[in-house]
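Heads up: the structure comes next, in structure tokens.
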Amino acid sequence: MTFLSHILALPVRAYRLVFSPWVGFNCRYQPTCSAYALEALEKHGAVKGAWLAARRIGRCHPWGGDGYDPVPECKCDDSA
């Protein structure tokens with residue numbers, strides 16, 4: 001995880017520590033949006049990870065979907 005990814009993960013970790021116990025554990029998706037955000041930041045870096053997390057949070061509403069929604073795999077070319 002890059003330094004910027006760590007910085008962007010701080011509010012997510014704070015949410016999980018402070019607010020998540022108060023609002024309950026009734027997420028529509030699996031993994032939860034906060035877990036998805038942390039995994040997206042780890043796999044894809046700060047910019048794309050933040051974009052994926054924002055899209056996921058935008059889909060989390062009463063008329064949105066539900067169920068299993070994993071973070072997409074990185075299409076990076078690590079073989080070079």
Side-chain angles (χ1 to χ4, degrees):
M1 199 184 272
T2 65
F3 178 73
L4 187 56
S5 295
H6 278 288
I7 298 299
L8 290 175
L10 288 175
V12 177
R13 294 182 196 278
Y15 165 79
R16 292 180 90 177
L17 183 67
V18 177
F19 295 113
S20 185
W22 285 14
V23 296
F25 301 102
N26 52 2
C27 191
R28 303 177 64 80
Y29 290 103
Q30 184 63 18
T32 63
C33 291
S34 58
Y36 184 96
L38 292 174
E39 187 177 347
L41 288 169
E42 183 178 324
K43 279 186 177 181
H44 296 281
V47 176
K48 187 170 182 184
W51 169 249
L52 289 169
R55 280 186 44 214
R56 168 67 176 275
I57 292 169
R59 290 193 313 260
C60 192
H61 55 81
W63 301 282
D66 60 357
Y68 183 62
D69 181 30
V71 175
E73 291 299 320
C74 184
K75 294 180 180 166
C76 307
D77 186 24
D78 293 331
S79 62

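Every heavy atom of this structure was used, including side-chain atoms; hydrogens, water molecules and symmetry mates were not.
- Here salt bridge (Lys or Arg N to Asp or Glu O under 4.0 Å) pairs that include residues 10-29, with residues two or more places apart or in two chains, number zero.
- Residues satisfying the salt bridge (charged side-chain N to carboxylate O under 4.0 Å, His left out) test with Asp66, not counting sequence neighbours, are none.
- Using bins of under 30°, 30° to 60° and over 60° for the plane-to-plane angle, the ring pair Trp22/Phe19 lands in the perpendicular bin.
- Applying the salt bridge (Lys or Arg N to Asp or Glu O under 4.0 Å) test to every pair with at least one member in residues 43-52, sequence neighbours left out, gives these pairs: Glu39-Lys43, Lys43-Glu73.
- Across all non-hydrogen atoms, the minimal contact from Leu41 to Ser5 is O-OG, 3.6 Å.
- With a 4.5 Å cut-off on side-chain heavy atoms, Tyr36 and Ile57 do not count as touching.
- Checked against salt bridge (charged side-chain N to carboxylate O under 4.0 Å, His left out), Arg59 has the following partners two or more places apart in sequence or in another chain: Asp69.
- The two residues Tyr29 and Gly64 come nearest to each other via the heavy atoms OH-C, 4.4 Å.
- Using a 4.5 Å cut-off between side-chain heavy atoms of Ile, Leu, Val, Met, Phe, Trp and Tyr, Ile7 falls into a hydrophobic cluster with Phe3, Leu10.
- Using a distance-only test at 3.5 Å, with no hydrogens or angles considered, no donor-acceptor pair links the side chain of His44 to the main chain of Ala50.
- Glu42 CD to Met1 CE: the interatomic distance, rounded to the nearest 0.5 Å, is 5.0 Å.
- Between Ala9 and Leu38, the shortest heavy-atom contact is CB-CD2, 3.6 Å.
- Nearest approach of Leu8 to Val12, heavy atoms of both residues: O-CG2, 4.1 Å.
- Residues Ser20 and Ser34 are not in side-chain contact: their nearest non-hydrogen atoms beyond the backbone lie 4.5 Å or more apart.
- Between Ala53 and Ala37, the shortest heavy-atom distance links the atoms CB-CB, 3.7 Å.
- In the hydrophobic clustering of this structure, Tyr15 groups with Val18; members are Ile, Leu, Val, Met, Phe, Trp, Tyr whose side-chain heavy atoms approach within less than 4.5 Å, directly or through other members.
- Every residue was checked against the disulfide (SG to SG under 2.5 Å) condition with Cys60, not counting sequence neighbours, and none meets it.
- Residues Tyr68 and Pro31 approach most closely at CE1-CD, 4.4 Å, considering heavy atoms.
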